[in-house]
Amino acid sequence: MVPVITAAVSDDLPTQRKPVVLIRGLAREQRHWGEFRQLLQQQLPNPVLAVDLPGMGQASAQSSPLEISKIAQQLSVSLSQQGLGSCHLLAMSLGAMVAMSCATLYPQQVASLVLINSSAAGLTPFYQRLNWRCYPKVLQALVTSVAKREQLILQLTANNPQIWQQQLPHWQRYGSEIPVSRSNVFRQLLAASRFKLPAKPSCPVLLLASRADRLVNWQASASIARHWQVPLHLHTLAGHDLALDAPYWVVQHAQQFYQQFDAASVSA
């Protein structure tokens, strides 16, 4: 069983460029990207696709592996089965861990990485990887109803109350339509807690983070940027879910990052 990949909003996607594959984080599915997918597609000539990791969304019947590398392995198989070739991976939080692992283990499949608010064990203290002040709400979210869980997640990951209040009914509907098992959430948590930063991949890398992230300290991204010697851009106000709180900011930086590949193809 492998992750499920679907096209973005438009059915008339450009095909002459390498696709951008979006990967969400803990207990999230591709629909949680919201308007970000469409905004990104509007600004890029590349096809924009999205993936559901094992145990989430359209892949909810699957069991999530207990290691990030195993999730990356399943993603690699899925990309191959879709005939996508080399892809740009844009990923958030736990999804960014999967993207990092995939780029290291399967470099021929990954053209670049855009990593949002991620972290790695051994490089970042545990209390920065998951803010200890959030522990009660995180634990509550694991055992409460779907409606309350989605409310707690939005309160933890979005800093703009107006945005999370607008999104809440949609997220509650997603959770009711395709329930996420507690077992798969715990399995993802365990895999994330074990993840250690791999060797720097050979592809270009861009890190994005928010200084106001209340779930994962932005210093976790700064540590990765220093270790790999790659650029990091910081938002000052957005929360952990940068694509929700500041979608235009993320799209702007992603678009600028992907322009280098256009320039490379022209010079070649």
Side-chain angles (χ1 to χ4, degrees), residues 22-28 32 51 53 56 64-72 75 89-105 110 112-139 141-142 152-153 155-159 184-201 203 205-246 250 253-254:
L22 309 181
I23 312 173
R24 262 285 182 169
L26 178 69
R28 301 293 84 185
H32 288 106
V51 61
L53 295 177
M56 306 297 141
S64 182
L66 292 173
E67 298 178 17
I68 293 295
S69 61
K70 298 298 184 183
I71 303 176
L75 174 61
L89 302 184
L90 188 155
M92 182 184 303
S93 198
L94 178 143
M97 300 177 198
V98 176
M100 286 185 263
S101 184
C102 195
T104 303
L105 296 172
V110 182
S112 74
L113 295 175
V114 176
L115 308 172
I116 301 172
N117 284 329
S118 197
S119 65
L123 193 65
T124 303
F126 72 92
Y127 55 84
Q128 289 186 347
R129 298 194 70 203
L130 182 61
N131 189 334
W132 64 269
R133 294 182 180 87
C134 297
Y135 288 2
K137 284 188 176 181
V138 171
L139 292 174
L142 291 174
L152 288 169
I153 291 174
Q155 290 174 344
L156 285 169
T157 60
N159 286 354
N184 274 328
V185 175
F186 278 112
R187 292 173 73 88
Q188 280 196 336
L189 276 170
L190 184 57
S193 69
R194 295 171 169 175
F195 174 74
K196 294 185 177 181
L197 189 71
K200 181 181 179 181
C203 65
V205 180
L206 171 66
L207 270 63
L208 302 176
S210 176
R211 289 182 179 272
D213 186 342
R214 291 174 292 116
L215 191 65
V216 177
N217 194 300
W218 68 272
Q219 291 286 356
S221 291
S223 295
I224 297 173
R226 286 193 299 269
H227 195 78
W228 278 358
Q229 292 296 293
V230 296
L232 166 67
H233 295 291
L234 294 171
H235 196 281
T236 57
L237 300 175
H240 184 68
D241 196 336
L242 260 172
L244 178 65
D245 262 359
V250 177
H253 284 287

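It should be emphasised that the depicted structure is a prediction, and the values quoted were computed from it without experimental measurement.
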Contact check, side chains of Gln188 and Met56, non-hydrogen atoms, under 4.5 Å: yes
query: Is the shortest heavy-atom distance from the side chain of Phe195 to the side chain of Ile71 under 4.5 Å?
result: no
- prompt: Can you name the nearest heavy-atom pair linking Lys70 to Pro65, along with the distance?
  reply: CB-CB, 3.5 Å
- request: Nearest 0.5 Å please: distance from the CG atom of Leu244 over to the NE2 atom of His32.
  value: 10.0 Å
- prompt: Can you name the nearest heavy-atom pair linking His253 to Leu206, along with the distance?
  reply: O-CD2, 3.8 Å
message: Looking at every non-hydrogen atom in both residues, tell me the closest pair between Cys102 and Ala72 and how far apart they are.
response: N-CB, 3.7 Å
field: Donor-acceptor contact below 3.5 Å, side chain Arg194 vs main chain Ala121
entry: no
Side-chain touch Trp228/Pro198, heavy atoms, less than 4.5 angstrom: yes
- request: Check side chain to side chain donor-acceptor pair (under 3.5 Å) between Ser223 and all other residues, then give those that pass, not counting sequence neighbours.
  value: Arg226
query: Is there a side-chain contact between Ile23 and Leu75 (heavy atoms, below 4.5 Å)?
result: yes
query: Quick one: does Val205's side chain get under 4.5 Å of Met100's, heavy atoms only?
result: no
query: Residues two or more places apart in sequence or in another chain: which of them pass side chain to side chain donor-acceptor pair (under 3.5 Å) with Ser93?
result: His240
- prompt: Atom OG of Ser221 and atom CZ of Arg211: how far apart are they, to the nearest 0.5 Å?
  reply: 11.5 Å
message: Is the shortest side-chain heavy-atom distance between Ile68 and Leu94 below 4.5 Å?
response: yes
- prompt: Sub-3.5 Å donor-acceptor pair from the side chain of Ser101 to the main-chain atoms of Val98, do we have one?
  reply: no
Heavy-atom closest contact (Pro201 atom, Ala103 atom, distance): CB-CB, 3.8 Å
Main-chain N/O of Leu237 paired with Asn159 side-chain donor or acceptor, under 3.5 Å: yes
query: Does the side chain of Asp241 come within less than 4.5 Å of Met92's, by heavy atoms?
result: yes
- prompt: Taking atom types as modelled, is there a side-chain donor on Arg187 or Ser64 under 3.5 Å from an acceptor on the other?
  reply: no
- prompt: With a 4.5 Å limit on heavy-atom distance, are the side chains of Val216 and Thr124 in contact?
  reply: no
query: Can you check whether Ala192's main-chain N or O pairs, donor with acceptor, with Arg129's side chain at less than 3.5 Å?
result: yes
Tyr135 atom OH, neighbour heavy-atom count above 12 within 6.0 Å: yes
query: What are the two closest heavy atoms between Asp245 and Thr157, and how far apart are they?
result: OD2-O, 4.3 Å
- request: Using the test side chain to side chain donor-acceptor pair (under 3.5 Å), find all partners of Ser112 that sit at least two apart in sequence or belong to another chain.
  value: His88
field: Flag, side chain of Asn117 to backbone of Ser210, donor-acceptor distance under 3.5 Å
entry: yes
field: Least distance between heavy atoms, Ala225 atom then Leu207 atom
entry: N-CD2, 3.7 Å
